[in-house]
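My questions will all concern the structure given below.
Just so you know, residue 1 is the first one in the sequence shown, and it goes up from there. A quick note: this is a predicted structure, and the numbers were derived from the prediction, not measured.
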Amino acid sequence: GSWRPAPLCRPRLLPKPPPGPACAVGRPVRWASSFSQPGPTESDSSEGQVFLSESCVKRLLEITEGSEFLRLQVEGGGCSGFQYKFSLDTVINPDDRQEQRGGARVVVDVDSLAFVKGSMVDFSQELIRSSFQVVSNPQAEKGCSCGTSFSVKF
């Protein structure tokens with residue numbers, strides 16, 4: 001079946017980036033522009049994508065060269081059942097979906113996208129570590145304190 005959670009537990013899911021500096025970049029980023037294949041889409045447009053935060057775009061532009069992009073994968077494991085895995089990659093596979101913003105690219109395979117659609121990829125810089133993170137994931141039920149592991153709503 002599909003991973004559609006009950007509407008009761010998601011009162012503040014909006015199909016647009018959160019307010020703040022992310023909105024001040026001219027017109028809002030539209031999902032339709034990222035997908036070039038015509039044909040039926042599995043669900044309505046707000047669901048089949050991830051958003052990139054301002055800090056994520058800025059950091060990606062610093063660390064990627066040429067055709068490199070950030071790949072986001074969801075794997076089984078971690079303390080809550082699933083975990084996010086980030087890596088730099090240059091190869092686009094047939095089942096990958098790309099999200100672009102300001103020259104930065106994040107690529108998610110279709111299987112992983114089902115677990116992260118509607119969420120935002122952020123770059124967090126803290127005193128002891130800096131990392132890419134998935135924030136405000138509408139598909140996740142609860143995360144753990146490490147920020148990389150989560151469980152899925154059924």
Side-chain angles (χ1 to χ4, degrees), residues 3 5 10 12-36 41-93 95-153:
W3 295 93
R10 44 197 288 203
R12 51 181 202 94
L13 172 64
L14 300 170
K16 62 177 193 230
C23 292
V25 191
R27 64 180 206 283
V29 180
R30 301 303 297 183
W31 33 85
S33 62
S34 308
F35 303 114
S36 53
T41 50
E42 177 204 8
S43 56
D44 51 67
S45 52
S46 66
E47 302 238 359
Q49 81 170 96
V50 293
F51 299 98
L52 312 185
S53 76
E54 202 68 52
S55 60
C56 169
V57 171
K58 182 167 176 264
R59 182 61 178 155
L60 275 176
L61 293 176
E62 290 169 3
I63 63 173
T64 54
E65 298 174 1
S67 59
E68 277 185 325
F69 53 80
L70 184 70
R71 177 175 291 285
L72 165 58
Q73 290 169 288
V74 174
E75 298 180 333
C79 29
S80 303
F82 292 94
Q83 60 190 357
Y84 304 116
K85 180 184 172 196
F86 290 99
S87 57
L88 290 180
D89 198 352
T90 56
V91 180
I92 302 263
N93 301 313
D95 68 338
D96 283 339
R97 296 291 174 267
Q98 292 187 60
E99 202 54 58
Q100 295 195 41
R101 181 175 171 199
R105 289 190 301 161
V106 173
V107 170
V108 188
D109 63 87
V110 165
D111 292 340
S112 296
L113 187 61
F115 295 97
V116 296
K117 59 188 180 183
S119 56
M120 176 167 281
V121 180
D122 188 30
F123 180 71
S124 163
Q125 200 144 17
E126 295 161 24
L127 208 54
I128 54 169
R129 67 169 186 166
S130 56
S131 61
F132 288 101
Q133 294 180 339
V134 174
V135 292
S136 56
N137 183 352
Q139 316 308 319
E141 184 126 74
K142 60 179 193 289
C144 70
S145 59
C146 64
T148 60
S149 181
F150 67 103
S151 61
V152 172
K153 292 177 186 170

Apply side-chain contact (heavy atoms from CB on, under 4.5 Å) to the pair F86 and V134, showing each step before the final yes or no. CA-CA 10 Å; F86 290 99; V134 174; 3.8 Å; yes

Locate the shortest heavy-atom distance separating N93 from D96; write the atom from each residue and the value. N-OD2, 2.7 Å

Spell out, as yes or no, whether a donor-acceptor pair under 3.5 Å connects the side chain of R105 to the backbone of S67. yes

Taking the side chain as every heavy atom from C-beta outward, state whether F123 and S53 have any atom pair closer than 4.5 Å. no

Once rounded to the nearest 0.5 Å, what's the spacing between atom CG of D95 and atom CZ of R97?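 Spacing of CG (D95) from CZ (R97) equals 7.5 Å.
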
What are the two closest heavy atoms between S119 and P138, and how far apart are they?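 Answer, listing the atom of S119 first, then P138: N-CD, 3.7 Å.
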
My understanding is that only residues two or more places apart in sequence, or in another chain, count here; which of them pass side chain to side chain donor-acceptor pair (under 3.5 Å) with D109?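 Scan of D109 (side chain to side chain donor-acceptor pair (under 3.5 Å), adjacent residues dropped) gives S112.
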
For the backbone of F115 and the side chain of N137, can you confirm whether one donor and one acceptor N or O come within less than 3.5 Å of each other?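 Between the backbone of F115 and the side chain of N137 there is a qualifying donor-acceptor contact (under 3.5 Å).
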
If I take atom OG1 from residue T64 and atom CG from residue L88, how far apart are they, to the nearest 0.5 angstrom?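 The CG atom of L88 is 7.5 Å from OG1 of T64, to the nearest 0.5 Å.
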
From CG (L70) to CG (L52), nearest 0.5 Å: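 CG of L52 is found 9.0 Å from CG of L70.
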
Reported CG-to-OG distance for the pair L72 and S87, which is rounded to 0.5 angstrom: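 Interatomic distance, L72 CG to S87 OG, rounded to 0.5 Å: 9.0 Å.
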
To the nearest 0.5 angstrom, please state how far the OH atom of Y84 sits from the CD atom of E75.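 CD of E75 is found 13.0 Å from OH of Y84.
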
Rounded distance [0.5 Å steps], OG1 in T90 versus CZ in F69: 6.5 Å

pair V50-L113: side-chain heavy atoms closer than 4.5 Å: yes

Considering residues, nucleotides and ligands other than E62, do more than 12 of their heavy atoms fall under 6.0 Å from its CD? yes

Check side chain to side chain donor-acceptor pair (under 3.5 Å) between S124 and all other residues, then give those that pass, not counting sequence neighbours. E126

Could you pull out the closest heavy-atom pair between C56 and V121, with the gap in Å?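 Looking at all heavy atoms of both residues, the shortest contact is CB-O, 3.3 Å.
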
Exam field: side chain R71 to backbone D89, donor-acceptor pair closer than 3.5 Å: no

Kindly give the heavy-atom pair with the smallest separation between Q139 and V116, and that separation in Å.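 Scanning both residues completely, I find the closest heavy atoms to be CG-N, 4.1 Å.
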
